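Worksheet: one structure, shown below.
All residue numbers in this chain count up from 1 along the given sequence. From a predicted model like this one, the values you see are computed outputs, not experimental measurements.
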Amino acid sequence: WFLSVLSKSYTTTLVIPLEYEEVADNFILTEAPDQQIEIEVFGSGFELLGEQFSLSRSKLQVDLDLARKINRSSYGFSADKLRNQVLDNLDKDLNLRRILTDSILFQTQKKISKELHVVPLLEIDYSSGYNLRGDIVVKPEKVLVSGPEELLEGMELIKTKLLKLTDVSDSLSKEAEIDLKELGEGVIISQSKVLVEVPVEKFTEK
């Protein structure tokens, strides 16, 4: 009975996983594209038995150069453009009826790089008779960030995490971490820490 069932022909749906080549350096994917496509095939039970397992082992490589701009942040292409690759991966004894997935869409934004001024957030408690002398210095004054244009175009500065200094009676240099929460996803920063120099001197009555 089992052999009789496998010898019959069937139409069924199979799933092929996708793997995307890297996006060009001047763009960033802001939303994960489809991770698989569905196809409809016809063949005998014997041929279909292990085909899904075989397809799952080798992901279909997707060339993003196939995509065309749909609007400001969306690109896409018809999944039918993958037909030849699907046929290469499919058992030669199976008949590809159609690709059920209509299209491959992905969201992207232009990637830009810019320098942002670093503003230190400080809470300083000076010792009695001591106070700030001159300007607080941040090294480096600016850091380079790269990310989605929509996110970075209005940014001019970035802050550090709050640095608390107590009983300060002398000039000092402290590392301060940049608050990366302000940047959002998809943003890369050249360095995550800066050096904050606080000049301090003792003040006495004349």
Mind checking what makes side chain to side chain contact (heavy atoms under 4.5 Å, CB included) contact with [X], not counting sequence neighbours?
X      : result
Leu165 : Ile124, Leu163, Val168, Leu172, Lys174, Val198
Gln36  : Val15
Asp170 : none
Gln191 : Pro140, Val143, Val194

Mind checking what makes salt bridge (Lys or Arg N to Asp or Glu O under 4.0 Å) contact with [X], not counting sequence neighbours?
X      : value
Glu141 : none
Lys92  : none
Arg97  : none
Glu19  : none

Do any side-chain atoms of residues 76-89 form donor-acceptor pairs under 3.5 angstrom with protein atoms, and if so which ones, sequence neighbours left out?
unit_1	atom_1	unit_2	atom_2	d
Ser78	OG	Asp80	N	3.2
Asp80	OD1	Arg83	NE	3.4
Asp80	OD1	Arg83	NH2	3.4
Gln85	NE2	Gln61	O	2.6

For [X] and [Y], which heavy atoms make the closest approach, and how far apart are they?
X      : Y      : result
Asp93  : Asp91  : N-OD1, 2.8 Å
Ser146 : Leu152 : C-CD1, 3.8 Å
Val196 : Ala176 : CG2-CB, 3.9 Å
Tyr75  : Ile70  : C-CD1, 3.8 Å
Leu94  : Glu51  : CD1-CG, 3.5 Å
Leu90  : Leu96  : CD2-CB, 4.0 Å

When you measure from the side chain of Ser127 to the backbone of Asp167, do you find a donor-acceptor pair of N or O atoms at a distance under 3.5 Å?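 It does hold such a pair.
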Under 4.0 Å between a Lys/Arg side-chain N and an Asp/Glu carboxylate O for Lys114 and Glu153?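 Here Lys114 does not pair with Glu153 in a salt bridge, since their nearest N and O are not under 4.0 Å apart.
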Less than 4.5 Å apart, side chain to side chain, heavy atoms only: is that true for Ser169 and Val200?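 Side chain of Ser169 against side chain of Val200, heavy atoms only: no contact under 4.5 Å found.
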Please tell me if the side chains of Leu116 and Ile189 come closer than 4.5 Å, counting only heavy atoms from C-beta onward. no
In the hydrophobic clustering (ILVMFWY, side-chain contacts below 4.5 Å, transitive), which residues join Val119, or is it alone?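 Val119 clusters with Leu157.
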How does the hydrophobic cluster around Leu162 look, that is, which other residues are in it when side-chain heavy atoms under 4.5 Å mark a link? Leu121
Tell me, which pairs form a salt bridge (Lys or Arg N to Asp or Glu O under 4.0 Å) where one or both residues lie in residues 121-137, sequence neighbours left out? Arg133-Glu201
Are there over 12 heavy-atom neighbours, none belonging to Asp102, within less than 6.0 Å of that residue's CG?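 12 or below, so no.
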